Each structure stands twice: as C-alpha cells, then as structure tokens.
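One structure is given below, encoded as structure tokens.
Owing to the predicted nature of the structure, the values given are computational and were not obtained by experimental measurement. Sequence lines set the chain letters: A, B, ... in the order given, protein chains first and strands last, and positions in each chain run from 1.
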Amino acid sequence: AQTVTQSQPEMSVQEAETVTLSCTYDTSESDYYLFWYKQPPSRQMILVIRQEAYKQQNATENRFSVNFQKAAKSFSLKISDSQLGDAAMYFCAYKVGSNYKLTFGKGTLLTVNP
Amino acid sequence: GAGVSQSPSNKVTEKGKDVELRCDPISGHTALYWYRQSLGQGLEFLIYFQGNSAPDKSGLPSDRFSAERTGGSVSTLTIQRTQQEDSAVYLCASSLEGGRETQYFGPGTRLLVL
C-alpha cells in the first residue's frame, strides 16, 4: 500500500523568510503524481503545486517550488518570501498515474510570524 | 469560473438522525469525489463517480453511507443513523475526467453528531 509521510506536524517561519516542508512516500509504482495542497482555516483545499514522476525538472509556481528526489522518494515544498497568507495546513498527496484515489499525508501546520 | 460548492457549510445533528450533504462540482467536470477528514484518520477517500460509469464505493466506511450523483452533476452524500464517530469534515472534489486530472476541492461540510 502506498503511504505518504509528513514528519513535521508543525513549522513556523518569519515573514519574508524561506521555509521547507518535508514529505516522503512509499510506492512500487513508476507512474505517479505528487501534489501539495494548502488548507487555510476556511477549509478550502487549494492546489499549490503538482509534479509528474516522469518529469525530472522540479515543478515551480511563483514562490512555491519542490525538490523532487525520486530515488529517495522525497518531495519537499519550499516557500520563498513567506507571506502571512501562507499560514495554513499543508498536505502532501500521492496518486498512481491512472488511478483517481489521492493518498494524503497527515499534514504540516505552517505558522507565519510577522 | 465557479469552483466546487458544498452545502451546508456546517451541520449539527443528533445521534441516530439521517443527514444529506450536497456537492456541486465545477461545470464540465465529469469526475466527482468524496473524502472525509477527521482528526483520528486524516483524509480518507470515500467514493468516486465518473460520468455514467458505476461509482467506486470502496472507501465508504459502512452501509450507513451512500451517495448518488444525479444527471452527472450534483452529488448527495447521505449518512443514515448517524454516530458520533461520523463527526468530520466531508470534502467534495471534481476533475475534468478521472485518472490523471488534478482534483479541485470544495470548502467542505463540517458535520457534528451530538
């Protein structure tokens, strides 16, 4: 069974600084996708970034980037120039290529200090 | 365009009562998913609808849970004879198609069973 592990239940960062959230996963599949979702107090689960396993290049979306280490099965999220609005619960998620079920980690609660 | 909408936003019910939760997916999305988010279990897949195909109900925790999708659009998740352990946030997501497409989530319904 596929598992997703987020080892940091909570993280904090100063506004304008950079923070990295960790995620590891376990799979025997070669075709899969990885995601980071953000869930603010409003509960809305918002897609932050998506990575296809076959792509060697790390995905980036503005201030958000990932470090995808396929051999190590690691998928960390880097948030640069942190803003107060980045404060939320962040979930790492995994999906086998043609399957539709997302498997989520337990989440990391990010606090941004002014 | 409009995102995934869910109603009600919050629901408080008494143990033993039935509840219905509604999800309105993004227009044009043929795939619809229900997930449950609880403190103890994290995020769990419940059920998946794709077009006119038979739904994948493999994640439903008991036969008290059922879901339907009318006209390939709106979906209703019904919980009969609610129990306190059913208290959770119920999240709905939709995607253009199943499989490789990214899932976009609604704001969820927080259910509290007293």
Side-chain angles (χ1 to χ4, degrees), chain A residues 1-10 21 23-27 29-55 59 61 64 66 75 88-109, chain B residues 2-11 21 23 25-26 29-51 53-60 88-112:
Chain A
Q2 292 87 13
T3 59
V4 178
T5 302
Q6 294 180 247
S7 59
Q8 307 150 317
E10 296 184 26
L21 308 184
C23 173
T24 58
Y25 58 96
D26 185 24
T27 185
E29 303 287 341
S30 59
D31 177 19
Y32 57 89
Y33 296 79
L34 295 162
F35 305 83
W36 279 98
Y37 281 91
K38 165 187 174 182
Q39 187 179 42
S42 66
R43 292 200 310 255
Q44 181 90 44
M45 193 80 80
I46 301 164
L47 176 68
V48 175
I49 205 161
R50 159 184 162 136
Q51 174 82 46
E52 291 86 348
Y54 65 86
K55 289 188 177 178
E61 283 291 340
F64 298 87
V66 297
F75 183 63
M89 184 73 85
Y90 285 81
F91 291 95
C92 178
Y94 160 97
K95 184 170 78 69
V96 175
S98 58
N99 201 322
Y100 40 79
K101 294 182 187 178
L102 281 169
T103 300
F104 288 88
K106 296 292 187 184
T108 296
L109 180 62
Chain B
V4 177
S5 60
Q6 293 186 244
S7 61
S9 179
N10 296 281
K11 176 73 176 178
L21 312 180
C23 172
I26 293 172
H29 282 195
T30 62
L32 187 146
Y33 317 76
W34 284 96
Y35 292 85
R36 179 169 70 174
Q37 185 176 22
S38 57
L39 282 176
Q41 301 298 322
L43 276 148
E44 308 169 274
F45 165 83
L46 295 178
I47 189 168
Y48 163 71
F49 294 91
Q50 170 55 47
S53 303
D56 176 356
K57 305 178 182 180
S58 60
L60 294 178
V89 174
Y90 289 83
L91 293 165
C92 177
S94 71
S95 65
L96 271 173
E97 298 175 353
R100 300 180 183 278
E101 297 293 330
T102 295
Q103 296 174 28
Y104 296 91
F105 285 79
T109 293
R110 182 180 297 280
L111 174 66
L112 178 61

* Asked: If you count heavy-atom pairs under 4.5 Å between each of B/G106, B/S95, B/A93, B/G59 and chain A, which one has the most?
  -> B/G106
* Would you mind telling me which of B/Y48, B/F45, B/Y104 has the largest number of heavy-atom pairs within less than 4.5 Å of chain A? => B/Y48
* Grab the two heavy atoms, one from B/T102 and one from A/F35, that are nearest each other, plus how far apart they are. => OG1-CE2, 3.9 Å
* Measure B/Q6 against the heavy atoms of chain A and call it side chain, backbone, both or neither at under 4.5 Å. => neither
* When rounded to the nearest 0.5 angstrom, what is the spacing between CD1 in B/I47 and NZ in A/K101? -> 11.0 Å
* Output yes when a side-chain donor or acceptor of A/R43 lies under 3.5 Å from a complementary backbone atom of B/L91, and no otherwise. => no
* A/K95 versus chain B, heavy atoms under 4.5 Å apart: side chain, backbone, both or neither? -> side chain
* To do: Kindly check if the number of other-residue, nucleotide or ligand heavy atoms within 6.0 Å of NZ (B/K57) is above 12?
  => no
* **Proximal component of A/L102, with respect to chain B [non-hydrogen, under 4.5 Å]** => both
* Asked: According to the interplanar angle, ranging from 0 to 90°, do the rings of A/Y100 and B/Y33 count as parallel (below 30°), tilted (30 to 60°) or perpendicular (above 60°)?
  -> tilted
* Which portion of A/E52 sits near chain B, non-hydrogen atoms under 4.5 angstrom -> neither
* Structure fact -> Residues at least two apart in sequence or cross-chain that pass salt bridge (Lys or Arg N to Asp or Glu O under 4.0 Å) with B/E97, listed by chain then number, are none
* **Non-neighbouring partners of A/Y33 that pass ring-ring contact (aromatic ring centres under 6.0 Å, His included), sequence neighbours left out** => none
